[in-house]
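Data block below; observations after.
Given the structure is predicted, the values throughout are model-derived calculations rather than measurements.
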Amino acid sequence: MRKHLVALGVAAIFLAGCSAPSPQPAETTPAPAATSASATPTPTTPTPGSAATNAASGTTTPTPPPPPSSGDSFEFAAVGDINPSGNTSTSSASGKNAASIIAGLNDGSLDNFLVLGDFQFDRGTCSALGAYNQLWGAAKAKTYWAAGPTHDIEPGVNDDLDRYMDGQCVSTTKSATSTTLGRFQDALEWYSFDKGNWRIVSIPTAAWRYSPARAKAMTAEIDADMKAAKAAGKYLAVISHDPYFTSNTSAHTSLTQMKPWIDVFWANRVKIILSGAQHNYERTCPVNNAGQCVADGMQQFQASTGGIGLRTFTSNPAYSERKFTDTWGHLRMSLKADGSYTWEFRPVSGGMQTDSGSRSQG
């Protein structure tokens, strides 16, 4: 593949609308001319406090800590499965979600937007992503993202999403992922970034379909990154496309192949997992790696209500606490410095159902 699997640790851009701090002189590792996507790098424990960590190079670059948060929280919106083929209508569910999130980014109530995969249907090629860009382009500079299989990335068929998010096609605007990491981010690689007292890890669930050997190799790298973040006193959250803890639909069940990652998340006491894929909304109780409700577990939020047609659930696992299949909208969350957080589902169309709540630091 044409991608560079390399990263430079750079300071995270912390609050929406703020300028990034000037980086201090630091030794960097130049990108190789080309790297095979299947190559497995030697995992390296990142420098505690680094704002961004590469998934596939063997190095990290120490950087100054980010500026202190004015509100001691990270405010964001998240959703996946967003734009129907060719859709540019502002009155569509996708258009309404875009307008609400962009308004929040502009008025400062949101710091960033997290895309949980499946940006543009049916295939996220540069030409197709022009429709997504018409509705969502104003959010791109503040967008962190995870990719899903097929619609976002399928090697040899559809491989443009990461180029779009790096400003290489459709628009020259770079995503928050690219500007925070200071580099191109491959859709089939993981990365992480810091927001306040939280480390956010983006995992490429599509790798389990297209490059399972590489997906397995990522396990130790992700574990090392999470351990370093924990040692630095940070709380952990994960963004992805395919869910593990989920009710079934006619199209998808749990992505059981990613169990090695789930075990790592549990061992490091990840608090939040955000995902898409199912074309509906679901929230679980905090669970352990066996799917049992426990006080110190990881809570999965599945928000795939960005604008694509919705699906009904066909099962009802015991860990499922709230779900609905008739409402488009997006999730808003506030991650606090003490490890507590709040959530609110904002409906924009359909049944107008909602969900909200909070979880203490314990």
Starting from M352, can I reach F345 by hopping between I/L/V/M/F/W/Y residues whose side chains sit under 4.5 Å apart?
no
Decide yes or no on side chain to side chain donor-acceptor pair (under 3.5 Å) for S94 and S92, but give the supporting numbers first.
CA-CA 5 Å; S94 174; S92 65; 4.8 Å; no
Taking the side chain as everything from C-beta on, heavy atoms only, tell me whether M218 gets closer than 4.5 Å to E189.
yes
T179 side chain vs S175 backbone, donor-acceptor pair below 3.5 Å
yes
Test item: S73 side-chain N/O and K336 main-chain N/O as donor-acceptor pair under 3.5 Å:
no
Could you give me the CA-CA distance, side-chain angles and deciding distance for I153 and D159, then say whether side-chain contact (heavy atoms from CB on, under 4.5 Å) is met?
CA-CA 5 Å; I153 172 68; D159 204 7; 2.7 Å; yes
Walk me through it: do M298 and L236 pass the test side-chain contact (heavy atoms from CB on, under 4.5 Å)?
CA-CA 9 Å; M298 43 200 161; L236 300 172; over 6 Å; no
Between the CG atom in N83 and the CD1 atom in I308, the distance rounded to the nearest 0.5 Å is 6.5 Å
Any donor-acceptor pair under 3.5 Å from S192 side chain to V201 backbone
no
W266 versus G297, closest heavy-atom pair with distance:
CZ3-CA, 3.8 Å
Nearest atoms (heavy-atom pairs only) where P155 meets L188:
CG-CD1, 4.0 Å
Would you find a donor on one side and an acceptor on the other, under 3.5 Å apart, between the side chain of N280 and the backbone of R311?
yes
Start with the C-alpha gap between W136 and T143, add the side-chain angles, then the distance that decides, and say whether side-chain contact (heavy atoms from CB on, under 4.5 Å) holds.
CA-CA 10 Å; W136 293 87; T143 298; over 6 Å; no
How long is the gap from CH2 on W343 to CG on D355, to the nearest 0.5 Å?
7.0 Å
Establish whether F121 and L161 are linked, either directly or via other cluster members, by ILVMFWY side-chain heavy-atom contacts under 4.5 Å.
no
Would you confirm whether D152, through its side chain, and F119, through its main-chain N or O, come within 3.5 Å as a donor-acceptor pair?
yes
With salt bridge (Lys or Arg N to Asp or Glu O under 4.0 Å) as the test, would you mind laying out the steps for R332 and E344 before giving the verdict?
CA-CA 5 Å; R332 294 196 180 199; E344 178 192 3; over 6 Å; no
Pairing donors with acceptors under 3.5 angstrom, does anything connect the side chains of S89 and S91?
yes
Minimum heavy-atom distance T246-Y319, with the two atoms named:
N-OH, 3.0 Å
Is the W261 to Y244 ring centre distance short of 6.0 Å?
no
Residue pair W208 / P260, side-chain heavy-atom distance below 4.5 Å:
yes
Are F313 and L116 connected into the same hydrophobic cluster when the rule is that any two of I, L, V, M, F, W, Y join if their side-chain heavy atoms are below 4.5 Å apart?
no
hydrophobic_cluster_shared for I102 and F113, side chain cutoff 4.5 Å:
no
Pairwise distance CD(Q185) to CZ(R163) - rounded to 0.5 angstrom
15.5 Å
In terms of heavy-atom contacts, G339 and W198 come closest through O-CZ2, 3.5 Å
Contact between E282 and F324 at the side-chain level, heavy atoms closer than 4.5 Å - yes or no?
no
Between Y191 and W145, how do the two ring planes meet: parallel, tilted or perpendicular, split at 30° and 60°?
tilted
Hey, is the main chain of Q168 close enough, under 3.5 Å, to the side chain of D166 for a donor-acceptor pair?
no
Looking at Y164, is K140 sitting on its ring face, NZ or CZ under 6.0 Å from the six-membered ring centre and within 45 degrees of the normal?
yes
Taking only residues at least two apart or on different chains, which pairs with a member in residues 120-135 satisfy salt bridge (charged side-chain N to carboxylate O under 4.0 Å, His left out)?
R123-E154
Hey, does the Lys NZ or Arg CZ of K271 hover above the aromatic six-ring of Y341, less than 6.0 Å from the centre and inside 45° of the axis?
no
Side-chain heavy atoms of P204 within contact of D186, under 4.5 Å
no
Start with the C-alpha distance between F265 and I272, add both sets of side-chain angles, then the distance that settles side-chain contact (heavy atoms from CB on, under 4.5 Å), and finish with yes or no.
CA-CA 10 Å; F265 300 165; I272 299 166; over 6 Å; no
Gap between atom OG of S247 and atom NZ of K323 - 0.5 Å precision:
2.5 Å
Does a side-chain heavy-atom distance below 4.5 Å link T125 with N158?
yes
Distance, nearest 0.5 Å, that separates CE of M165 from CG of L129:
9.0 Å
Within the structure provided, determine whether Q299 and R283 are in side-chain contact (heavy-atom separation under 4.5 Å).
yes
Using a 3.5 Å distance criterion without hydrogens, assess whether the side chain of N97 forms a donor-acceptor pair with backbone atoms of T305.
yes
Quick check: does any side chain N or O of S240 sit under 3.5 Å from a backbone N or O of T205, one acting as donor and the other as acceptor?
no
Main chain of N87, side chain of Y132: is a donor-acceptor contact present, judged purely on distance under 3.5 Å?
no
Ignoring hydrogens and geometry, is there a side-chain-to-backbone donor-acceptor pair from Q300 to F245 under 3.5 Å?
yes
Determine whether the side chains of D81 and Q278 contain a donor N or O and an acceptor N or O closer than 3.5 Å.
no
Give the intermediate values and the outcome of ring pair (Phe, Tyr, Trp, His ring centres under 6.0 Å) for residues Y144 and F76.
CA-CA 10 Å; Y144 293 96; F76 66 87; 9.8 Å; no
Which atom pair, heavy atoms only, marks the closest approach of T354 to R322?
O-NH2, 2.8 Å
Any donor-acceptor N or O pair under 3.5 Å, side chains S334, E75
yes
Using 0.5 Å steps for rounding, measure from the SG atom of C285 to the CD atom of Q292.
10.0 Å
Quick one, M258 and I203 - any side-chain contact, counting heavy atoms below 4.5 Å?
yes
Taking every non-hydrogen atom, the tightest pair across P84 and I82
CD-O, 3.6 Å
Can you find a heavy atom in the side chain of F301 that is under 4.5 Å from one in the side chain of M333?
yes
Flag yes if W328 and I101 sit in one hydrophobic cluster, no otherwise; membership is Ile, Leu, Val, Met, Phe, Trp, Tyr, and two members link when side-chain heavy atoms are under 4.5 Å apart.
no
